[in-house]
Structure formats: C-alpha cells, structure tokens
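Chain letters run A, B, ... following the sequence lines, proteins first and then strands; every chain starts at 1.
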Amino acid sequence: MHKNQAVSRGMFRFLLANVNTGSRSCWDVLMATKSGHWSQGLLAAMNDVTAVVDSDDKLVVIKDKYPKAKYHFLVMPRRKIPSLKHVTKTDLDLLRHMQKKGEEIAERANKELQFRFGYHAVPSMSHLHMHVISQDFNSPFLKTKKHWNSFTTQYFVDSHSVIKNVEETGQWSPDVQDADKLLKQNLRCHVCKKEFDTIPSLKVHIVLHDVTKPSHTKS
DNA sequence: GTTCTAGAAC
DNA sequence: GTTCTAGAAC
C-alpha cells in the first residue's frame with residue numbers, strides 16, 4: 001500500500017465525522033495524524049515535482065505555493081539547516097551559491113523585472129529558505145499587512161547583507177530587535193513610500209509603479 | 001504558512 | 001449593509 005493511502009477505515013470515519021463540525025479542517029486532522037505539521041511543509045515541497053523548478057547537489061529551488069508577486073521562488077539547501085540562526089562561516093559558500101542560483105532563476109523567469117533576494121527575519125516555515133521575489137507584488141495571495149510588511153520592511157533581510165554579516169562576525173547577528181513591530185507597521189508603498197489605510201487601496205496603488213530594472217542594467 | 005470568521009470600521 | 005482586519009486554530 002502506498003504511504004499516502006495508509007489511513008485506516010476508522011480514521012476515515014473520524015475524518016468524515018469532523019467535516020464542518022470541528023474547528024479544525026480535515027486537512028489539519030490528517031496532517032496531525034501523519035505527525036506532519038504546516039511548518040514542516042518545505043521538506044515535502046522539495047520532493048514535489050510540480051513545485052521544483054531547479055536543483056543541483058547542494059540546493060533545490062521551488063515555486064512558492066502562495067506567491068506574493070508575479071514571480072516568487074524559494075531557494076533551499078538540501079542539507080538540513082533549520083534557520084539563519086544556525087548558519088556559520090562554514091556555510092558561506094552555500095549562502096553565496098544560493099544567492100547566485102536565485103539570481104539565475106530570476107533572470108530566467110523575467111529579465112525586465114526587479115527582484116529581491118533575501119530571508120525573513122523570523123520565518124514561519126522551518127528549513128532555511130531564501131526568497132526570490134519580483135517587486136511588482138501583484139498577486140491575489142498577498143492579502144494581509146503581515147504579508148506586505150514581511151517583504152517590504154527590514155523584516156526582509158537581503159541575502160548579501162546576511163553573507164556580509166556572517167563573513168564579519170561568523171554568524172547572523174540580527175540588527176532587527178523587534179520583528180513583531182515591523183510586521184505591524186503602517187502600510188507604506190515600497191516605491192514612493194506613500195502611506196495607505198487598507199491592503200486593497202495599497203494594491204490598487206502599487207500596480208501603477210514601474211518596477212522594471214533601470215534601462216542601463218537591462219540585458 | 002493558511003483558513004475561518006467575529007466584529008470593528010466604514 | 002458591506003468591507004476589512006486580526007486572532008484562534010487544543
């Protein structure tokens with residue numbers, strides 16, 4: 001029997017009984033049963049052929065399941081590194097390789113758009129992952145203040161600044177003290193810095209900006 | 001990370 | 001009445 005079909009008849013009845021009755025969804029129950037957890041989802045994604053767009057012996061690149069821009073990828077090391085807190089100087093080559101691969105993926109996806117390459121200060125998902133995200137932020141999955149601020153405030157830590165930090169101090173020493181406050185900051189356009197009261201009004205505004213690269217850097 | 005939804009804000 | 005956000009999820 002395939003691993004994924006290994007749900008007992010009793011469990012199936014239990015799942016059915018909980019459809020629309022409990023506060024947890026079927027999927028939550030199933031995930032808990034299989035001792036998986038949403039925060040471990042990137043492990044599964046690494047082996048999902050529909051998600052993987054590139055890989056080599058050191059890393060895997062996947063499409064973000066809920067892209068917050070036209071192009072949004074995650075670059076992850078094959079070796080298990082839980083988070084930035086665990087990287088040391090011995091990981092510098094890996095970090096540089098991840099950034100270089102990210103830049104290649106971005107160029108391959110769209111040569112015109114600006115991209116950023118970096119890490120969330122306090123990521124929700126386990127397993128080190130570098131975001132490769134185009135700066136249009138034009139996506140139906142971008143819905144909350146937390147989404148917006150996680151990519152447009154200092155909560156988003158550029159890859160090159162992580163690398164520089166590890167080179168100089170041997171670790172990632174976060175200068176981001178209160179990450180929670182950054183996520184609750186007022187909504188501000190990442191291009192012109194204009195403030196907005198709601199996500200929908202901000203989303204209407206940002207599509208008006210040109211987020212293509214300056215012409216002299218276009219190939 | 002997302003989904004769901006109560007109740008605030010409009 | 002509708003839009004929008006924020007917090008629970010055992």
Q. A:Phe156 vs A:His120 aromatic rings, parallel, tilted or perpendicular, using cut-offs 30° and 60°?
A. perpendicular
Q: Anything under 30° is parallel, anything over 60° is perpendicular, the rest tilted; go ahead and classify A:Phe73 against A:Tyr71.
A: parallel
Q) Is there a donor-acceptor pair under 3.5 Å between the side chain of A:Lys213 and the backbone N or O of A:Lys111? A) yes
Q. Which residues pass the side chain to side chain contact (heavy atoms under 4.5 Å, CB included) test with A:Asp57, sequence neighbours left out?
A. none
Q. Given atom CG of A:Leu128 and atom P of B:dG1, what is their separation to the nearest angstrom?
A. 14 Å
**Q.** Qualifying salt bridge (charged side-chain N to carboxylate O under 4.0 Å, His left out) pairs with a residue from residues 143-164 of chain A, counting only residues at least two apart or across chains
**A.** A:Arg116-A:Asp158
(Q) What I want to find out is whether A:Asp54 reaches A:Arg108 closely enough, with some N-O distance under 4.0 Å, to be called a salt bridge. (A) yes
Q: Please list, by residue number, the residues of residues 71-79 of chain A whose heavy atoms come closer than 4.0 Å to an atom of DNA chain C; answer none if no residue qualifies.
A: none
Q: Calculate, to the nearest 0.5 Å, the distance between atoms CZ and CG belonging to A:Phe151 and A:Leu142 respectively.
A: 8.0 Å
Q: Calculate the interatomic distance between A:Trp148 atom CH2 and C:dC4 atom P; express it in whole Å.
A: 16 Å
(Q) Could you tell me how far apart A:Leu142 (CG) and B:dG1 (C1') are, to the nearest whole angstrom? (A) 14 Å
Below 3.5 Å is the cut-off: list the nitrogen or oxygen pairs between protein and nucleotides 5-7 of chain C, distance only.
{"residue": "C:dT5", "atom": "OP1", "partner": "A:Ile199", "partner atom": "N", "Å": "2.7"}

Q | Candidate list A:His131, A:His129, A:His147, test ring-ring contact (aromatic ring centres under 6.0 Å, His included), partner A:His72, passing option | A | A:His131
Q: Just need the stems in DNA chain C: three or more back-to-back Watson-Crick or G-U pairs, each with both distances under 3.5 angstrom, sorted by first number.
A: B:2-10 with C:1-9
**Q.** A:Asp197 CG: over 12 foreign heavy atoms closer than 6.0 Å
**A.** no
Q: Send over the distance from A:Tyr66 OH to B:dT3 P, rounded to a whole Å.
A: 5 Å
(Q) Strictly distance-based, threshold 3.5 Å: is any side-chain N or O of A:Lys68 a donor or acceptor partner for the main-chain N or O of A:Ile133? (A) no
Q) What is the distance from NZ of A:Lys65 to P of B:dT2, rounded to the nearest Å? A) 10 Å
(Q) Side-chain N or O of A:His147 versus OP1/OP2 of B:dT2: is the shortest distance under 4.0 Å? (A) yes
Q. For A:Glu195, which residues count as a salt bridge (Lys or Arg N to Asp or Glu O under 4.0 Å) partner, sequence neighbours excluded?
A. A:Arg188
Q: Check whether any side-chain N or O of A:His37 sits under 4.0 Å from OP1 or OP2 of B:dG1, and answer yes or no.
A: no
